[in-house]
Amino acid sequence: MDHCELTTEPINVGAVARRVVPPECGATVTLDGYARRFTTRDSKVIETEYLVYEAYEEMALKEMQKLAAKAKEDFAISNVGIVHRTGKIEIGETSVVISVAAPHRKDAFAACEWLIKELKRTVPIWKKEIYADGEAWSEGEAAE
Amino acid sequence: MDHCELTTEPINVGAVARRVVPPECGATVTLDGYARRFTTRDSKVIETEYLVYEAYEEMALKEMQKLAAKAKEDFAISNVGIVHRTGKIEIGETSVVISVAAPHRKDAFAACEWLIKELKRTVPIWKKEIYADGEAWSEGEAAE
Amino acid sequence: MSDMRINVLFFGATADIVGKRREELEVDGEVSAGSILDELRTRFPYLAAQKLHISIEQEYASSDSIVKAGDEIAIFTSVSGG
Amino acid sequence: MSDMRINVLFFGATADIVGKRREELEVDGEVSAGSILDELRTRFPYLAAQKLHISIEQEYASSDSIVKAGDEIAIFTSVSGG
């Protein structure tokens, strides 16, 4: 019932959350990450026009599945859904959704927070930010 | 941009999450609570057929708005969406959605977890569980 | 002070116990929320078994909160939304 | 041992730096991931400025991991998904 997916299509956040719901669960916690217009770098506010995400698809899926399996080992949760979009993403569109269903919401919160942290650290996907006057590959969370 | 609502219609989880997104934010954390089929009471597993939620509507909305305001005081978040459904809710349908948008996801996780805990403690809404052989008003989180 | 009428609303378990959703009480002048609770527990003995909350004008109130003429009062058991 | 061919994939910043998404390397028998990195840094000097990660058969590898004939290797900078 876990669900890991890469897609170039818009992500339906509610549908991902719904995929992972088993009958013993009462709560799903969902992290919805999306392209934001403004970011701060070196205390300068930068306006992004859109994003492009590139994935090493086979490896990214393997790493996503590993994270789902590890989360189920370490937290009292039932199911995990991880969907990451690739290609061009407009401002405001969802780039990643992580949904965790658990009998008790506390475990769902903890696992979801862990999963997004690890996804940003290990899953081979790269974000390019496109500005009015150029573009740059993001250096990831470590650099933020 | 906060959004507190009571509705008797099915809740679109993704749409609630989207309502609260301002341009400086990169993450929304959403708690999706729904009617579960099985609950454990006095170490006996009970099967629920459906739920009925009743609200003291004017006061519930006031309390939801207070929670949203307090969360924005206490956490570095931008917007809060709280929607609770009332009336009959089938198994698997969403009863409550809380979405929190924040520049940094850590704050969104913390605020969302706080909001659902407080909603269950203070907002005047009551849940009736209907079984094959009877029904009972839930005694809330304190009794679980 | 003259007599006054107070509207009391019931929800969930308290509505089931009293068999109605609204009750009009007549009281002599200003009263405390606690004395309204006492009066209701006398009229509806099954309420006495419940831990009850009271609100005045849609705000949580304590037993010694003062109820004024025309206030909307509600009596309910612990909430269980979510 | 005989010569062998290794496929190296590039993604994101490394693909931009080397100007392609795939490179075939010929190496003498078994080699370490580290020696492949060294070879690529020599061919594409701009790579030397980057903190690089290497994967073998779609698993993260360290510099002393052994690369076998036919293995799929990938070279990339720190990931930035999410």
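Throughout, a chain's letter reflects where its sequence line sits, starting with A, and its residues are numbered from 1.
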> Has the side chain of A/Glu47 got a donor or acceptor atom that lies under 3.5 Å from a matching backbone atom of A/Phe38?
Replying inline: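 No, A/Glu47 side chain to A/Phe38 backbone: no donor-acceptor pair under 3.5 Å.
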> How many angstroms lie between CG in D/Leu40 and OG1 in D/Thr14, if you round to the nearest 0.5 Å?
Replying inline: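 Here the rounded value is 9.5 Å.
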>> I'd like to know which of A/Val97, A/Val96, A/Thr122 tops the heavy-atom pair count under 4.5 Å against chain D.
In response: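 Sorted descending by pairs with chain D, the first entry is A/Thr122.
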> Counting heavy-atom pairs under 4.5 Å to chain A, which of D/Glu72, D/Lys51, D/His53 comes out on top?
Replying inline: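 The residue among D/Glu72, D/Lys51, D/His53 with the greatest pair count is D/Glu72.
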Which bit of [X] is near chain D, if near means a heavy-atom gap under 4.5 Å: side chain, backbone, both or neither?
{"X": "A/Ala136", "answer": "neither"}
{"X": "A/Arg121", "answer": "backbone"}
{"X": "A/Tyr56", "answer": "both"}

> Side chain, backbone, both or neither: which part of D/Glu59 has an atom under 4.5 Å from a heavy atom of chain A?
Replying inline: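 When you check distances to chain A, atoms from both the backbone and side chain of D/Glu59 fall under 4.5 Å.
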> Looking only at heavy atoms, what is the nearest atom pair of A/Leu115 and A/Ala71, with distance?
Replying inline: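 Heavy-atom minimum between the residues: CD2-CB, 3.9 Å.
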>> Could you check, using the six-membered ring where one of them is a Trp, whether A/Tyr53 and A/Trp126 have ring centers closer than 6.0 angstrom?
In response: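 Judged by ring-centre distance (under 6.0 Å), A/Tyr53 and A/Trp126 do not meet the cut-off.
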> With distance as the sole criterion, is a donor-acceptor pair present between the side chains of A/Asp32 and A/Thr94 under 3.5 Å?
Replying inline: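 A pair is found: one side chain offers a donor N or O, the other an acceptor, under 3.5 Å apart.
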